[in-house]
> 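Structure in structure tokens, see below.
So you know, we letter chains A, B, ... as the sequences are listed, proteins then strands, and number each from 1.
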There are 2 protein chains.
Amino acid sequence: MTPDPGRRIPEATVARLPLYYRVLLESAEARVSTISSDRLAEMAGVNAAKVRKDLSYLGSFGTRGVGYDVDYLLHEIARELGLTQDWPCVIVGVGNLGAALANYRGFGARGFRVVALVDADPAKVGQTVADLRVEAFAELGTVCARERIAIGIIATPAGAAQDAADGLVGAGVRSVLNFASGVLSVPDDVSVRKVDLATELQILGFYQLRGANTALNTSRPA
Amino acid sequence: MTPDPGRRIPEATVARLPLYYRVLLESAEARVSTISSDRLAEMAGVNAAKVRKDLSYLGSFGTRGVGYDVDYLLHEIARELGLTQDWPCVIVGVGNLGAALANYRGFGARGFRVVALVDADPAKVGQTVADLRVEAFAELGTVCARERIAIGIIATPAGAAQDAADGLVGAGVRSVLNFASGVLSVPDDVSVRKVDLATELQILGFYQLRGANTALNTSRPA
DNA sequence: CTGACTTCGAGAAAACGATCACAAGCTCGG
DNA sequence: CCGAGCTTGTGATCGTTTTCTCGAAGTCAG
């Protein structure tokens, strides 16, 4: 047992931390200073025991008989998720989706800022989208180094996604968010998360055929 | 319609079916007529035992010593996911994201067609986006009935998401794909899947802080 | 037809995650 | 200071998912 230093947090818990964070933000804005696991669970749409178990992986932040201090908990979760830091992002592929992502407000909400755009289409290079100049895909390495890119966002057509991923990995990027369909192959030390519209719709299709219901959560581990 | 008698398919498996479907489509296009669980697993980025277990929930479609017939398997998965049917979708909220989704090709890939757009902003109503006329949010009920909407896609700001959901549910829609952040509350018989950029980035942030890696899959049950 | 080889299907075990249940620890009124 | 009333933190339990393993069932060369 490694109680403190090697504190391993289960994937399922990590996937829920952003949810708790959002709920706590709402509470903080409503001038709530203390919140119970019960209330937090209700607002997050999960079960209270799960909330307590999840938070206990971060440490013992609650006060028995009282609940959790909202501000303190916010701070702790933010620290755990790295929201206290700045993560410069690059979007690869400035089509419909890429442009929409670049313009998306509340995106850079906490620490995540889109600082560069890259596209393989020479016609797009030089254009300005969301106050950023689109640069050539060939410059990806240079751009990543210059901007100290931490996260690459792939918004290319499916066919170009692997090239995009290879470029990012080659440029030293170790976290990738992939909006293109299809599977990316990357080295073991690179994290990839996939967001796929078609997949989600197909899952809905399955449950629509049956009578059942799905959970409210899409933040699944893998 | 009776989906099938006792066969219950685990959520985790359902979430992977779209992945297998895509991989099989690629194989079919490459004129591959038969595929082993090993090869399929490699292409999908999962483990072979998992592939076999998953497919076994659908039935015994493989041939020992040979593998699976690509076309047959495609057909069976398509049937299970309801891809053989037509699912008319409405997008609620035609901002940056909503418009990008409406224009997204390969979206309506198999059976999922965006047939209506709705927005609460009077200035947007009447505009044409992706060959569709934007209609008033107040007309949502009428629109859903007229177009026999099966799936509602919420692309509104966070503050309007619950209203959008209520409107959809009130109009009889039982499957919702939510791009807005925050938790939706809906009746038990309604399926909701959430796609949240901020959540995904925050999860990447967590693993970036540590040295670890995440799985390639984002299609998590709940 | 036979034997070597391949691959599926499924039972069993292991890992993981969700939930239960309750002792421990806190606050507050009197 | 004490006892009643909350709420956390966590060991125990249960269900789900993943992985392991191997017999069964097929192909194919000769």
> Output the rounded distance in Å from CZ (A:Arg39) to P (D:dT7).
13 Å
> Can you see if the side chain of A:Ser37 gets near the phosphate of D:dT8 - specifically, an N or O under 4.0 Å from OP1 or OP2?
yes
> Which one, C:dC8, D:dG9, C:dA10, comes nearest to the side chain of B:Ser60?
C:dA10
> Take atom CZ of B:Phe61 and atom P of C:dA10, then tell me their distance rounded to the nearest Å.
12 Å
> Answer yes or no: does a side-chain N or O of B:Lys53 lie under 4.0 Å from OP1 or OP2 of C:dA10?
no
> Taking the side chain of B:Tyr68 as its heavy atoms from C-beta onward, which of D:dC20, C:dG9, C:dT7 lies nearest to it?
C:dG9
> For A:Arg8 and C:dG17, what is the distance between atoms CZ and C1' respectively, to the nearest whole Å?
10 Å
> Mind calculating the distance between CG (B:Asp54) and P (C:dA10) to the nearest angstrom?
14 Å
> Specify the separation, in whole Å, of atom CG of A:Leu40 and atom C1' of D:dG9.
15 Å
> Would the distance check show the side chain of B:Ser27 and the main-chain N or O of B:Val23 forming a donor-acceptor pair, the cut-off being under 3.5 Å?
yes
> Under a 3.5 Å cutoff, is there a donor and acceptor pairing between the side chains of B:Tyr20 and B:Asp54?
yes
> Picking from A:Asp86, A:Ile149, A:Ile91, what satisfies side-chain contact (heavy atoms from CB on, under 4.5 Å) with A:Val115?
A:Ile149
> Which sits closer to the 5' end of DNA chain C, A:Arg52 or A:Pro10, going by the nucleotide each is nearest to?
A:Pro10
> Within this structure, what is the CD-to-P distance between A:Glu42 and D:dT7, rounded to whole angstrom?
13 Å
> May I ask you to evaluate whether A:Asn47 reaches the phosphate of C:dA18, defined as a side-chain N or O under 4.0 Å from OP1 or OP2?
no
> When rounded to the nearest 0.5 angstrom, what distance separates OG in A:Ser185 from CD in B:Glu42?
9.5 Å
> Would A:Arg16 and A:Glu11 pass as an ion pair if we require N to O under 4.0 Å?
no
> Give every pair of a protein N or O atom and an N or O atom of nucleotides 24-30 of chain D that lie under 3.5 Å apart, one pair per line with the distance.
unit_1, atom_1, unit_2, atom_2, d
D:dA24, N3, B:Arg64, NH1, 3.0

> In whole Å, I'd like the distance from the CG atom of B:Asp38 to the P atom of C:dT6.
12 Å
> Without decimals, in angstroms, what is the distance between A:Leu73 CG and D:dT8 C1'?
13 Å
> Which one, D:dG9, C:dC8, C:dA18, comes nearest to the side chain of A:Ala12?
C:dA18
> Is B:Tyr57 touching bases, backbone alone, or none of the nucleic acid, heavy atoms closer than 4.0 Å?
nothing
> Looking only at atom types and distance, does a side-chain atom of A:Ser36 sit under 3.5 Å from a main-chain N or O of A:Arg39, one as donor and one as acceptor?
yes
> With rounding to the nearest 0.5 angstrom, report the CG to NE2 distance, A:Leu24 to A:His75.
13.5 Å
